[in-house]
Structures are given as C-alpha cells and as structure tokens.
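One structure is given below, encoded as structure tokens.
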Number of protein chains: 2
Amino acid sequence: MAQKGTLSPDPAPASAKDDPLVLIVDDDAGMREAVVDLLQSVGIEGRAFGSTAELLAAAVPDRPGCLILDVRLPGLGGLEFQTRLDGLGIALPIVFMTGFADVPMSVRAMKAGATDFLIKPFRDQDMLDAVDAALARDRSRRSQRAATMTVESLAATLTPREREVMAEVVKGRLNKQIAGDLGISEVTVKLHRGKVMRKMQVRSVADLVRKVEVLDHEG
Amino acid sequence: MAQKGTLSPDPAPASAKDDPLVLIVDDDAGMREAVVDLLQSVGIEGRAFGSTAELLAAAVPDRPGCLILDVRLPGLGGLEFQTRLDGLGIALPIVFMTGFADVPMSVRAMKAGATDFLIKPFRDQDMLDAVDAALARDRSRRSQRAATMTVESLAATLTPREREVMAEVVKGRLNKQIAGDLGISEVTVKLHRGKVMRKMQVRSVADLVRKVEVLDHEG
DNA sequence: CCGCCAGTCATACCTTGGTTTGCTTGGAAG
DNA sequence: CTTCCAAGCAAACCAAGGTATGACTGGCGG
C-alpha cells in the first residue's frame, strides 16, 4: 500500500480491465445500437452481437458484466441459450427483452434464473435498472467465486495426507482420535496439522473451519 | 431420550400435524373447490378462502405448506398481499394463478420471490408441479429455520459475558488475548469458555464455529 | 544411481486449553 | 435481610496442541 515497485504503470488508471461489460444479442441492428448507446450514456460499455453463435465465436474477455438477450433470435433462441450457458460454465446474469412475449415464457425464464424480462418497447430507465441489478448480482457472484478460488489454490498445495488430517481437524476431532482413525502416531498428526495450518494460512482452528466451509458450500 | 413422562400421548401418530397444508385464495368459489379437489386427489390438504382478509382473519395453524393466490382479488390483491406477507413474518412460498395476466405482472411476482405463476385455465399437472416445488422450498426453509432456532435457544441461555467470550473464541483468539481484550484474567476466560461449550452443547471449537455461523447467516 | 519428497516415528520441551476447589463481590429478586 | 447468581481471582493440576531435532522408508524422475 505504501510504495509499489517501479514496474506496472497504473497509478490511477480507472481503466477498462475491471469495468463492467454488457453483452447484447439481438438480430435487429437498430435495437443493438440503441441499447449500446443507452448504456454508454451512463458510462457502461456494451458490445453487441447479431446472434448467440456470434457471441460464442467472439473471444469475450473475462470481465464483470451481464447479458441482454432477445428471446427470438436466429439459430439458438434466448431461452435455449440460457439453458446451455450453465453447461458451458458461463454464469452471467441475464436480462431478457422481447417484442413477442407471453406469460409462460417470461415465467420460465425467471425460474431459470433470469434477472429481468422486459417487453419492447421498454423505457430506458427500466433497462438501466435491470442492468444495474444484473451487474450487482454478477459482482457478488464474482467476489464469492474469487474467495472460493483463493482457498482452493491454497488447498491444492496440500499433500493427500494433509488433506485427510485437515478434514478431521475441521470435524473437531482430537489429535489422538485422528491418529487412531488414520492408523498413525499422534506426533505425525501434529506435524501434518502444523503444515496444514501454514499452507492454508490460518492460525486458529476457527479460521480454518471458516475457510474450508466456503469450499464445499459450492465447489 | 430413554424414557418420557406419562403425558403426551403420541406414540406413532403419522397424523396431520406435520403434513403440508396448502392455502388457497380465490374469489371464485368454483375455482376454490376445483383446486382443493385437485390437491386432495394427490393426498394434499387444502384450505380455501375468498379473500386475503379472510385468510388473515382465520387462525392458520403452523404447518408446512404454501399459498396459491389469485392475482385479482377483492380488497388486497395477490401481488400487494405478497409484499405485505414479509412484513408480517410470513414466508410461505407463493404460487400465483390468474386469468388476466400480462408479462410485467408475472415478472414482478417472480422477482418478488414467487415460486410459479400460472394462467387460468391451467393443466392439473402444472399446478401439482408448482405446488410440489413450493412445498419443497418451504420444507427446506423450515428445516433451515428450525436449526437456527435450536442454536438461538441454546445461545439464549448464555450470560452477557459468556456471549462476549464466545464471540472472541469463534474469531480464533487465544485465551490470553481474550483476557486482555476484556480486561480480565485468563483463568476467568477459561471458565466462561467452558460454560459456553457446555451450554452450546459442543465439544470442539470447530463445532462451535459451525453452530454460530448459522446464527448470523440469517437472524 | 542419486536426490527429492511424502510419510512415518521418537524424544524432549513448551504453550495452551480445560477443570476443580475455594473464596469474594455486587446487584437483583424474594 | 437473605438468597441467588453473574462475575471475578488464585493455585494446582492434567490434557491437548505445537515445535523442534534427528532419523528411517519407499517411490519417482532425472
């Protein structure tokens, strides 16, 4: 915090790397442009595509953001696309928009986790509110995920035995019990235990429990 | 656990006390009866009301269940009712049904946490699926809540000082650090700590951390 | 073949956690 | 005024956690 190295010229960039990026898919070029302009008017970067295939083909950078999808699209439709995204490991919040909507369609989309579902023509403010909500959702998901990955990378440095010992420790077992369970001596357990605490970068069992908790809550 | 008192005659009731109860609100008597009959055909008890006011007036027993609400109702409408329920501490999952629906209405309901939103006339199976999902959601919410309340009742027996010590223990602080923070001797900390472990019915710090975690996750 | 590393164990030593016994104090309820 | 209880302290003791140091084994890659 106090002083940084001479490399990495980023004193106060406020640059694009972590600013949100909104991906728009609509087959109507006019609508694409309108949405991009709308977002730009509030300082949000948008990138538009004419079809879901186009979006998948493009190398989308890893940035916080969300999707705005037309429901009726050439090729893969918006709702089917929503289903596929989970399989691809993409978990961006989705805002649907459509001119031809019925209630079952919107309910299905919302049940599948969509953030909002707007009918064209929509008011600018409604879209901006929806995008705000979607971006907020993505931010919290990303910070959650970042925390999980940090812990995972720490846990990856553990040897198999250390992992076993850690599992027993967070269950609250005593060293002698762990030794009995694993068929080894108590001293060895203490040794593994010590390495676990160092590698996981915690100093108390309480901290270790909390770190490991986030691991199996979703991972 | 071994033997119970001579009171409380409930050897193996399998009775209605914990079977799900579905509450239906619709101003159309025919619809009310139809839904109740439909539910009964799959062994689910339903209780119908002509308005939200009627439902609030009735003494609804504390049982697992869900709500089926018509959107258009005399007096307080379904969607407004949904909003009010949170304020009243009622958190039953809601299945909406309506004959006059538009997309914004359904989206608003789903964003507010509704389980499903059906348009009349609906297929029997759709309603049964929606109720199943709603009941599943309520079951998990109730079991979650039961766990929280168990821990809360244990924590309620703690004295103020014990609570302070517990808070520090789950932070992973050493006894001597806790003593310093609270301005008391280490021996006294150990004493409080011991009482905390007994009162919270745990034997390890790991278990204590997990019990306390569920407390501030929602409560 | 040698080095590396996970895994194991023993001895010794120190720190921390946890309990018991006994005693004191101050406030609230009876 | 007495009883009750949260809160506190001390001494003594035992159990558990934690850290060296040193040494042995077995597998795997260079």
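Below, all heavy atoms of this structure are taken into account, side chains as well, without hydrogens, waters or symmetry copies. It should be emphasised that the depicted structure is a prediction, and the values quoted were computed from it without experimental measurement.
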Can you pull every protein N or O that's under 3.5 Å from an N or O on nucleotides 13-20 of chain D?
from, atom 1, to, atom 2, distance (Å)
dA16(D), OP2, Lys176(A), NZ, 2.8
dG17(D), OP2, Asn175(A), N, 3.2
dG17(D), OP2, Asn175(A), ND2, 3.3
dG17(D), N7, Lys190(A), NZ, 3.1
dG18(D), OP2, Arg193(A), NE, 2.8
dG18(D), N7, Lys190(A), NZ, 2.9
dG18(D), O6, Lys190(A), NZ, 3.3

Pairwise N/O distances under 3.5 Å, protein to nucleotides 25-30 of chain D:
none

Any carboxylate oxygen within less than 4.0 angstrom of a Lys/Arg side-chain nitrogen, looking at Asp19(B) and Arg63(B)?
no

Please table the atom pairs, donor to acceptor, closer than 3.5 Å between any side-chain atom in residues 164-174 of chain B and protein atoms at least two apart or in another chain.
from, atom 1, to, atom 2, distance (Å)
Glu164(B), OE1, Arg161(B), NH1, 2.8
Glu168(B), OE1, Arg173(B), NE, 3.4
Arg173(B), NE, Asp181(B), OD2, 3.4
Arg173(B), NH2, Asp181(B), OD1, 3.3
Arg173(B), NH2, Asp181(B), OD2, 2.7

Test of understanding: with side-chain contact (heavy atoms from CB on, under 4.5 Å), list the residues that count as partners of Arg139(B), not counting sequence neighbours.
Leu135(B), Ala136(B)

Looking at residues at least two apart in the chain, or sitting in another chain, which of them share a side chain to side chain donor-acceptor pair (under 3.5 Å) with Arg137(B)?
none

Could you pull out all residues at least two apart from Ser185(B) that satisfy side-chain contact (heavy atoms from CB on, under 4.5 Å)?
Val187(B), Thr188(B)

Tell me, yes or no, whether the heavy-atom count around Lys199(B) atom NZ, taken from other residues, nucleotides or ligands under 6.0 Å, exceeds 12.
yes

Do any pairs count as a side chain to side chain donor-acceptor pair (under 3.5 Å) and have a residue in residues 201-215 of chain B, sequence neighbours left out, and if so which ones?
Ser204(B)-Asp207(B), Asp207(B)-Arg210(B)

Return the set of residues passing ring pair (Phe, Tyr, Trp, His ring centres under 6.0 Å) with Phe81(A) (not counting sequence neighbours), or none when no residue passes.
none

Can a side chain N or O of Thr188(B) be found less than 4.0 Å away from OP1 or OP2 on dG8(D)?
no

Using five base pairs at each end, measure the axis-to-axis angle across the helix from dC1(C)-dG30(D) to dG30(C)-dC1(D) and round it to 10 degrees.
40°

Near Gln40(B) CD, under 6.0 Å, is it more than 12 heavy atoms from other residues, nucleotides or ligands?
no

Name all residues meeting the side chain to side chain donor-acceptor pair (under 3.5 Å) criterion together with Asp129(B); count only those two or more places apart in sequence or in a different chain, and write none if there are none.
Gln125(B)

For the pair made of CD1 in Ile184(B) and P in dA10(D), what is the distance, rounded to whole Å?
12 Å

Working to the nearest 0.5 Å, report the span between CD of Glu186(A) and CD1 of Ile178(A).
9.5 Å

Give, ordered by number, those residues of residues 157-167 of chain B having at least one heavy-atom distance below 4.0 Å to an atom of DNA chain D; if nothing qualifies, reply none.
Thr159(B), Pro160(B), Arg161(B)

Once side chain to side chain donor-acceptor pair (under 3.5 Å) is applied, what residue pairs with a partner in residues 67-89 of chain A remain, sequence neighbours excluded?
Asp70(A)-Lys120(A)

Around Arg145(A), counting heavy atoms of other residues, nucleotides and ligands shown, do more than 12 lie under 6.0 Å from its CZ?
no

Look at Ser185(A) and dT8(C) and indicate whether a side-chain polar atom (N or O) is within less than 4.0 Å of OP1 or OP2.
no

Please confirm whether the shortest side-chain N or O distance from His192(B) to OP1 or OP2 of dG18(C) is below 4.0 Å.
no

